[in-house]
Every structure is written in C-alpha cells, then in structure tokens.
Protein chains: 2
Amino acid sequence: MLKDRSTEERILDAAKKVFISKGMAGARMQDIADEAGINKALLHYYFRSKDKLFEVIFLETISRFVPRINEIMNAQLSWKEKLEAFASEYIEKIIANPFLPLFVMNEMHKQPEEFLKKMWGGDRPRLEKFIMQIQQAIEAKEIRPIHPAQLIMNVMALCIFPFIGKPLLQMAAGINDKEFFNLMEERKKLVPEFIIQALIF
Amino acid sequence: MLKDRSTEERILDAAKKVFISKGMAGARMQDIADEAGINKALLHYYFRSKDKLFEVIFLETISRFVPRINEIMNAQLSWKEKLEAFASEYIEKIIANPFLPLFVMNEMHKQPEEFLKKMWGGDRPRLEKFIMQIQQAIEAKEIRPIHPAQLIMNVMALCIFPFIGKPLLQMAAGINDKEFFNLMEERKKLVPEFIIQALIF
DNA sequence: GTCTATATTCCGATAGAC
DNA sequence: GTCTATCGGAATATAGAC
C-alpha cells in the first residue's frame, strides 16, 4: 500500500483483488475496505454501491483482455502465426492474473444478456478473417477438415482451462505450485504446437 | 414437482439445482425452499444448516463423476481407447449437467484443503497406469514426447472447458444454443481424434 | 475526504402452534 | 412433518461530526 497513490486508485486495486478471488456474491465490502486500508464508508463515498463498484472493476478488467484478440486475429499473419501469438500472449497474461479466467466465466454465466452488451459494446471479437484463413487452409488440403467453432473452442480451452482447473489438475497429475508454473510457461509454445500437429496431415 | 416424491428428495433436487446454478455464496435458502415447494423452516428440519445441506449436495454430486475416472484409466485398454472412453463418457455426462463443471471448479478453488480430503477420501484418481502407457508409447517412438501432466491438462481442457466458456464461445464463434449442442455431440468423437492426431508422428 | 455511529435490509436459524 | 412468526447476526448503505 503506497502512501502516494490516490484513495480511489487504492480502492480499485483492492476491489479488483477481492472481487476476482471471491466473486461478486462472496466478496464483502469490509474485505475491500481492509485491503485498501480504509473504512467501508469511503467505498460508498467514491462508488455509490457494491454493484457500481463491481461493474467498474468488471468492465475495466475485461477491457484489458478483449481488444488484443482483434489485433492478433486481424493482423497480417498466417493462421499458424495467429495461433502462436494468441497462445503465447494470453497464457502470459493469465499467468500474471491466474484467478481472472474463473472470475470472468462466473460473471458471464450470471449476467448473460446485459453482460454481452457492455462487454463488447461495438467491440465484439472479430474472428471472420481467421475463420476464412482456416477454411482456405482446409480447401487447400493443408489441414484436416474441422468446424472453425471447434477449433476456436480447442484454442481457448487449451490456453484458459489449466488455470480454472488448477486444483483438479494438481490432484490428478500430482504436481505442486512450482511445477504447475513451469508447465504453464512451457504451454506458451506447447499449445500452438499441439494444435498445429492435430490440424496438419 | 411430483407429489409422491418424498420431501427430503424434493429438497435435495431443489438444492442441487440452486447450488449448482448460483454457487454456495450466491444461493439463498429461500430459493431452495421455493424450488422445492416448501418453506425455509423445513430445510433446517431435514438438514441442520445451509453448510450441511451444501456439503451433502457437493459430495453426492462429485461422487457421481470421480469413480468412473479410475475405472477407465485402470481398465485393460490402450492409451487411445482410454482417451476415447474418457472423452466420450464425460462429455456425455456434462451435456446432461452443463453447469456442473463451473460449480465444481468454483468450490474447489474456495475450499482447496478440506475439499481434497473429502472429495478423494481414499478415492484419489489413479492415473499412474495411464501415465506409464503414455511414457512407454513415447519410448517406443509411437507418439511425440510430451509431459504426461500436459497431456492430462489437454484432455481435461478439451472435454470440460467448452461448457464453462459457453457464453464466451458463443460470442466469439457466433453460435446459438442448438448449434452449441450439436458441436458438443460432435466433440465426443472429435476430441480424442484431435488429441491422437497431435500425439502421433 | 475521512472517520464513527447508526440505520436498513437481508438472510440463516429457531420457537412454537398445529 | 409442516407451517407462521420472529430472532439475531451479518452486510450494505447512510448520517453526521471532524
């Protein structure tokens, strides 16, 4: 807790930490106040309600993750390069924010309709160009036939799931935190390789 | 709500539905009472507290999913057949209980220590045999070298994640509920194929 | 802006009639 | 066993002093 940071900034950092680790329903305003080193009343002074505070955190958080998808998927890159860039960058990001995927998935399930509008207000992921590249690679007999949606699911699953299922995986595979971290680092290269091997003849 | 089902049974069904869709923290005893068609007091009559009721639901739920892992992974099957059996059976099960993965992942993250003890009290997943088969296949140059833990992550990710990330995937890939269901059916065969193709030379 | 104290609402749990 | 009514605590939110 640095003294020179503004109170509002400290609240936002504290709220992000608490909301992401406990979820909206599990988070307590007292937890956030303690984490920020202030009292509850100040939270309401800066942000009217818990709902408002949550909304700020939520939108700010996902806005740091969405735009880069479009940058990668619409760049002048081959489908292989896009897979490599996506896996590498997003696994890297999630390593730095390991609780974020479960948080986002939870809130997406709870607020399906209005969430979508706010999350991608004019900022929907645009995968058409990538999908066309895949379809062309299929027609050119470069890769096996696959529904583009299945491929997208596989990419997201392989990048995101290990962080959501970490406890399950640690139990099933018998690995500790350090080993888990090393495996995640390795996945930045392993995931695109795995996918490309599955696709090509 | 069938009249001839016992009150305890109705409560358990209602609690399962509410807990799985809202999580422990988000679920209300009133919600469960309404869903079961009774009042709150009866919940406490049958199960002392919310915690106790949740524990019953949680253990009963996962116990229907864990043992089958050991059955498959220790059967007299090749590593390919085990992958096919696991993917097919678990995707099938999750299609019938689509909200269950997110529920289980959430509660695993919240109760890491005691969760593990209860979840696998003498019933840990035993993947040693499968792991040895993979290592032997690697040594025999049948498949590419891969850390067994990475393979296990990939299998679980490809089977489980689509249900957790459904809203995200529907947004990214632009698919509706009916199309999503069809894709999940297709995955029972697609996932093992995808993995095997990625593994073999 | 920041605090203490308090109001208000919500929710799990219990008491007691039937 | 099942209900209504209510308690008691916890959590969000507000009032008001400084």
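Remember, predicted model here, so these are calculated numbers, not experimental data. Below, chains carry the letters A, B, ... as their sequence lines are ordered, and counting in each starts from 1.
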Relative to the ring of Phe103(B), is the ring of Phe54(B) parallel (under 30°), tilted (30 to 60°) or perpendicular (over 60°)?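 Ring orientation of Phe54(B) relative to Phe103(B): perpendicular.
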In whole angstroms, how far is the [atom2] atom of [N] from the [atom1] atom of [X]?
X	N	atom1	atom2	result
Arg48(B)	dA13(C)	CZ	P	9 Å
Met29(A)	dC10(C)	CE	P	16 Å
Leu42(B)	dG12(C)	CG	C1'	15 Å
Gln30(B)	dT14(C)	CD	P	17 Å
Leu53(B)	dC11(C)	CG	C1'	15 Å
Asn39(B)	dA13(C)	CG	P	15 Å

Among Lys22(A), Lys40(A), Lys17(A), which residue satisfies the salt bridge (Lys or Arg N to Asp or Glu O under 4.0 Å) criterion with Asp31(A)? Lys22(A)
With heavy atoms of chain B within less than 4.0 Å as the criterion, where does contact along DNA chain D begin and end? dG1(D) to dT4(D)
Closest nucleotide of DNA chain C for Ala41(A) versus for Ser49(B): which of these residues is on the 5' side?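 Comparing both residues, the 5'-ward one is Ala41(A).
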Please compare Lys40(A) and His44(B) by the position of their nearest nucleotide in DNA chain C and report the one closer to 5'.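 Final value for this comparison: Lys40(A).
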Six-ring centre of Tyr90(B), Lys93(B) cation under 6.0 angstrom, axis tolerance 45°: yes
Just to be sure I understand the rule, does Tyr45(A) reach a base, reach only the sugar-phosphate, or reach nothing, if contact means heavy atoms closer than 4.0 Å?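 Counting heavy atoms under 4.0 Å across all strands, the contact made by Tyr45(A) includes a base.
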Applying a 4.0 Å non-hydrogen cut-off, can you work out what Ala33(B) is touching in the nucleic acid: base, sugar-phosphate, or nothing? nothing
Of the non-hydrogen atoms in Glu179(B) and Gly174(B), which two are nearest, and what is the gap between them?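 Here Glu179(B) and Gly174(B) meet closest at OE1-O, 4.2 Å.
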Regarding Lys189(A) and Glu186(A), does a basic nitrogen lie under 4.0 Å from an acidic carboxylate oxygen? no
Between Arg126(A) (side chain) and Asn70(A) (backbone), is there a donor-acceptor pair under 3.5 Å? no
